[in-house]
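Report on one structure; see the data block that follows.
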Amino acid sequence: MKQALALLSGGLDSAVALGWAIHRGFRVHPITFHYHRRPRREVEATRALARWAGGERLREVDLPFLREVEDVPPRELRNPALRRSPPGYIPGRNLLFYSIALHYASLLGARTIVGAHHRGDRQTFPDAHPGFFQGLNRLAQRHELGHIRVETPLIHLTKTQIIRRGRSLGVPLGLTWSCYEDRPAPCNRCPSCRERAEAFHRLGWEDPTPRTRTIKRK
């Protein structure tokens, strides 16, 4: 059976990309990366999706030095261009993530690495553009033993299209977590929460992930 290493974050996009890989008949090896202040609920969602996928165990890689720009102490942020970064941006994140994925794919004999970047990502983050992955593939094929390729099946899709694709693939979207915040329920204010809510609203579908949490009073 053909093997694929799938980057899994716990959000809608990576869940649907995971479903795409399973639907394509890959034996999927999920991998996730823990960086500074990663939301606990996001980690829980990642593990739940990996259990749903079955088969191979989830590889969890700790990268505590990776920080979003807004989490970098002012004395360490000496590049003025980074002060204009979009929310959630981590300098060099995707280059590092895919380099590590390439390492594990080589060990496993997997010829495919699956990433979940979509059309909105490439308009916001400089390292999520199709050209970035084209260059990464050229580099990998030139310098690695064996043929390994990064696939980004959602790169031309909007968030609405991704949700529709996920439902058609039977992906448990209710297990996913999109909020930037580490809290019991989504904040419904951060860019990721708003984008998610707008996409479900345009489809006329209810978001299967609970948006609020009932607190029992003593």
Side-chain angles (χ1 to χ4, degrees), residues 6-23 28 30-60 68 70-71 86-90 93-94 97 114-125 128 152-217:
L7 277 66
L8 192 58
S9 71
L12 283 169
D13 309 324
S14 73
V16 176
L18 177 67
W20 174 87
I22 293 171
H23 181 71
V28 180
I31 186 170
T32 195
F33 303 99
H34 300 311
Y35 49 85
H36 180 69
R37 291 184 61 190
R38 184 182 182 191
R40 177 183 54 83
R41 287 295 303 274
E42 183 179 287
V43 176
E44 292 172 354
T46 301
R47 292 169 179 166
L49 288 165
R51 288 193 295 271
W52 166 76
E56 301 297 332
R57 68 178 178 86
L58 173 67
R59 284 174 169 78
E60 302 189 37
E68 295 181 4
E70 60 187 25
D71 291 330
Y89 180 62
I90 299 177
R93 172 176 59 182
N94 285 342
F97 281 5
V114 181
H117 309 281
H118 61 87
R119 193 163 78 185
D121 283 342
R122 72 187 192 188
Q123 295 170 348
T124 304
F125 300 108
T152 52
L154 313 180
I155 198 72
H156 299 299
L157 301 185
T158 65
K159 186 69 73 172
T160 303
Q161 292 170 324
I162 290 169
I163 293 171
R164 186 182 288 115
R165 178 73 57 84
R167 178 175 281 193
S168 70
L169 292 171
V171 177
L173 301 180
L175 296 180
T176 63
W177 179 265
S178 301
C179 185
Y180 288 167
E181 302 294 331
D182 193 5
R183 49 192 296 155
C187 72
N188 297 319
R189 295 187 302 273
C190 71
S192 186
C193 276
R194 292 199 301 269
E195 182 184 37
R196 178 179 179 131
E198 289 169 3
F200 274 102
H201 178 72
R202 284 195 293 270
L203 287 167
W205 296 347
E206 183 177 354
D207 188 339
T209 298
R211 311 305 295 167
T212 59
R213 179 172 178 262
T214 301
I215 301 176
K216 296 182 179 179
R217 299 183 181 276

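- In this structure a side-chain-to-backbone donor-acceptor pair under 3.5 Å is present from T46 to G10.
- Between L173 and G166, the closest heavy-atom pair is CD2-CA, 4.5 Å.
- No donor-acceptor pair closer than 3.5 Å links the side chain of S192 to the backbone N or O of Y180.
- Considering every non-hydrogen atom in both K159 and A199, the closest pair reads CG-CB, 3.6 Å.
- Heavy atoms of other residues, nucleotides or ligands lying less than 6.0 angstrom from NE2 of H36 number more than 12.
- A salt bridge links R40 with E44: the distance from a Lys NZ or Arg NE/NH1/NH2 to an Asp or Glu carboxylate oxygen falls below 4.0 Å.
- Of all heavy-atom pairs between V16 and L169, the closest is O-CD1, 4.1 Å.
- Between the CD1 atom of I162 and the CG atom of D13 there is a distance of 4.5 Å, given to the nearest 0.5 Å.
- Taking the side chain as every heavy atom from C-beta outward, H117 and F125 never approach each other to under 4.5 Å.
- Nearest heavy atoms, I22 versus A53: CD1-CB, 3.8 Å.
- Between Q161 and H118, the closest side-chain pair of non-hydrogen atoms is not below 4.5 Å.
- No donor-acceptor pair under 3.5 Å is formed between the side chain of S14 and the backbone N or O of A116.
- Looking at heavy atoms from C-beta onward, F97 lies out of side-chain contact with I90 at the 4.5 angstrom threshold.
- Contact between P39 and C179 at its shortest, heavy atoms only, is CG-O, 4.1 Å.
- Atom NE2 of H23 sits about 9.0 Å away from atom CZ of R165, to the nearest 0.5 Å.
- Side-chain atoms of T209 and R41 form no donor-acceptor pair, as typed in the model, at a separation below 3.5 Å.
- Distance check, rounded to the nearest 0.5 Å: CD1 of I163 to CZ of R202 gives 8.0 Å.
- If you take OH on Y35 and CG on D71, they are separated by 10.0 Å, rounding to the nearest 0.5 Å.
- In summary, R37 and E68 do not engage in a salt bridge, as defined by a charged side-chain N under 4.0 Å from a carboxylate O.
- The pair D182-R38 does not count as a salt bridge, with every side-chain nitrogen at least 4.0 angstrom from each carboxylate oxygen.
- Taking CG of L7 as the reference point, atom CG of L18 lies at 11.0 Å (rounded to 0.5 Å).
- Separation of atoms CZ (R119) and OG1 (T158) is listed at 5.5 Å; rounding is to 0.5 Å.
- Smallest separation of non-hydrogen atoms from A185 and W177: C-CH2, 3.5 Å.
- Proximity of a side-chain donor or acceptor of T152 to a complementary backbone N or O of G115 within less than 3.5 Å is not detected.
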message = Pair E181, R189 - check side chain to side chain contact (heavy atoms under 4.5 Å, CB included), show working.
response = CA-CA 10 Å; E181 302 294 331; R189 295 187 302 273; 5.8 Å; no
